[in-house]
Amino acid sequence: MTLTQLEIFSLVAELQGFTSAAHRLGISQSAVSHAIKGLEQELGVALFRRHQAQVELSDIGAQLLGRARAMLGLANTLQQEAADARGMKRGTLRIGSFGPTSSTYLLPKILNRFRVAYPGIEVHVDEGPDRQVIQWLDERRVDIGFVVLDQERFDTFPLFEDQMVALLPAGHTLAGREHVSLKDLCNDPFALTEAGSTELVVRLFNEARLTPNVRYRCSQLLSTLETVSRGDAVSVVAQASLPAGHDPRYVQRVLSPRVPRQVGLAVLDRRQSSPATLAFIRIAQGLAL
């Protein structure tokens, strides 16, 4: 069993295909097939079920995937610790990012400083909803992730605080108010943005024992903005996620009571994090975000 075999196994599982994994790795499909076949023969189990062009993990394959990713993560940490002794000239950092707040507002500033300090570190950024980043951390698909705090099962590092705001069509009857309550937002169709802070929005209404009339579930903030701008719905979003500049089609109003939102970085275990991961955290916390 080699690390290369485990890397190929993990990538085939992620992409659900031998051809896709071969393209990502820049090797032939036959090389991918050979690596998986060798691993299956050594372990004595079938790791995948084949369905024409696609493959899916077998039950034992799904069970072993987490172990494989943990081994790859440990190997990466060992390599980066050695690289750290040489001035961290090589290595890989995998980052999970969600929504405009982290992907557009926070991440570019941090990466700019990180690239200058460690130009030899290869950075991979995966983007998805906030709950997806949590899953990637649990599955060890990323080394570090942007999250909405608190996240008790991770080691976390606060970075930035903004607030949740009500998003209303410009001509809405509530647009003339300075403050809007969650209860006020239950009288109209509601657009739930699933790109970031979804869990926080849902929890806010649940804790207030309120049920918004969710008519739209938007995978991207831009879809939510368009839905609200047309007058089709109201919403609750993070203030820092909104585009810079004034758009006359919608307005934002402070929630009453105010709802702060803290965004930070999370890792599974700081003690096992690679030097590149720890360097990224230091740079992020050192910036005035």
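When reading the values below, keep in mind they use all heavy atoms of this one structure, side chains included, and skip hydrogens, waters and symmetry mates.
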Rounded to the nearest 0.5 Å, how far apart are CE of M71 and CG of L6? 5.0 Å

D138 and F154, any side-chain heavy atoms less than 4.5 Å apart: yes

At what distance, to the nearest 0.5 angstrom, does CG of D155 lie from CD of Q272? 10.0 Å

Test item: V201 and L192 side chains (from C-beta on) under 4.5 Å apart, heavy atoms: yes

Is it the case that the side chain of E40 and the backbone of L47 share a donor-acceptor pair, with hydrogens and angles ignored and the cut-off at 3.5 Å? yes

Do any N or O atoms from the side chain of S235 and from the backbone of T224 form a donor-acceptor pair under 3.5 angstrom? no

Classify the ring geometry between Y105 and F160 as parallel (under 30°), tilted (30 to 60°) or perpendicular (over 60°). tilted

Salt bridge check: are R215 and D232 linked by an N-O gap of less than 4.0 Å? no

Is it the case that over 12 heavy atoms from other parts of the model lie below 6.0 angstrom from the CZ atom of R131? yes

Does H124 have more than 12 heavy atoms from other residues, nucleotides or ligands lying within 6.0 Å of its NE2? yes

Quick one about T19 and Q29 (side-chain donor to acceptor, distance below 3.5 Å, no hydrogens or angles considered), yes or no? yes

Would you mind checking if E139 and R69 are paired as a salt bridge, meaning a charged N to carboxylate O distance below 4.0 Å? yes

Please check this pair: side chain of Q5 against backbone of T2, looking for a donor-acceptor N/O pair closer than 3.5 Å. yes

Mind checking whether V12 and R24 have side chains closer than 4.5 Å, heavy atoms only? no

Look at the side-chain heavy atoms of Ile, Leu, Val, Met, Phe, Trp and Tyr, link any pair under 4.5 Å apart, and say whether L221 and V125 land in one connected group. no

Report yes if the side chains of L65 and L57 come closer than 4.5 Å at any heavy-atom pair, otherwise no. yes

Minimum side-chain heavy-atom gap F18-S33 below 4.5 Å: yes

So, the side chain of E42 versus the backbone of M1: is there a donor-acceptor pair under 3.5 Å, distance only? yes

Is the shortest heavy-atom distance from the side chain of L200 to the side chain of M164 under 4.5 Å? yes

Looking only at atom types and distance, does a side-chain atom of S102 sit under 3.5 Å from a main-chain N or O of F98, one as donor and one as acceptor? yes

Is the CZ atom of R270 crowded by more than 12 outside heavy atoms at less than 6.0 Å? no

Is a side-chain N or O of R94 found less than 3.5 angstrom from the main chain of R140, in a donor-acceptor match? yes

Assess whether side-chain contact (heavy atoms from CB on, under 4.5 Å) is satisfied between I134 and V147, documenting all intermediate values. CA-CA 7 Å; I134 297 296; V147 296; 3.6 Å; yes

In terms of heavy-atom contacts, does CZ of R230 have more than 12 from other residues, nucleotides or ligands at under 6.0 Å? yes

Roughly how far, to the nearest 0.5 Å, is the CG atom of D184 from the NE2 atom of H179? 12.0 Å

For R217, I'd like to know if atom CZ has over 12 heavy atoms of other residues, nucleotides or ligands within 6.0 Å. no

Would you indicate whether H34, at its atom NE2, is surrounded by more than 12 heavy atoms from other residues, nucleotides or ligands within a distance under 6.0 Å? no

Do S30 and S28 get their side chains close enough for a donor-acceptor pair, meaning under 3.5 Å? yes

Walk me through whether L185 and L168 qualify under side-chain contact (heavy atoms from CB on, under 4.5 Å). CA-CA 9 Å; L185 299 175; L168 308 166; 3.9 Å; yes

Atom CG in L159, atom NZ in K109: separation rounded to 0.5 Å? 11.0 Å

Checking the side chain of R253 only, and the main-chain atoms of R177 only, is there a donor and an acceptor separated by less than 3.5 Å? yes

So among V251, L225, V236, which one has a side chain to side chain contact (heavy atoms under 4.5 Å, CB included) with L167? L225

Are V123 and I95 close enough that some pair of their side-chain heavy atoms sits under 4.5 Å apart? yes

Take F190 and F205 through the ring pair (Phe, Tyr, Trp, His ring centres under 6.0 Å) test and state the conclusion after the steps. CA-CA 12 Å; F190 192 88; F205 280 101; 5.4 Å; yes

Does Q220, at its CD atom, have more than 12 non-hydrogen atoms belonging to other residues, nucleotides or ligands within less than 6.0 Å? no

Please check this pair: side chain of S241 against backbone of A238, looking for a donor-acceptor N/O pair closer than 3.5 Å. yes

Treating T227 as the side-chain partner and S223 as the backbone partner, does any N or O pair qualify as donor plus acceptor under 3.5 Å? yes

Name the one of V180, D247, L242 that satisfies side chain to side chain contact (heavy atoms under 4.5 Å, CB included) with Q252? L242

Using a 3.5 Å distance criterion without hydrogens, assess whether the side chain of N213 forms a donor-acceptor pair with backbone atoms of N187. no

Do E127 and S103 get their side chains close enough for a donor-acceptor pair, meaning under 3.5 Å? yes

Can we say E14 and R141 salt-bridge, meaning some charged N sits less than 4.0 Å from an Asp/Glu carboxylate O? yes

Contact between L111 and F280 at the side-chain level, heavy atoms closer than 4.5 Å - yes or no? yes

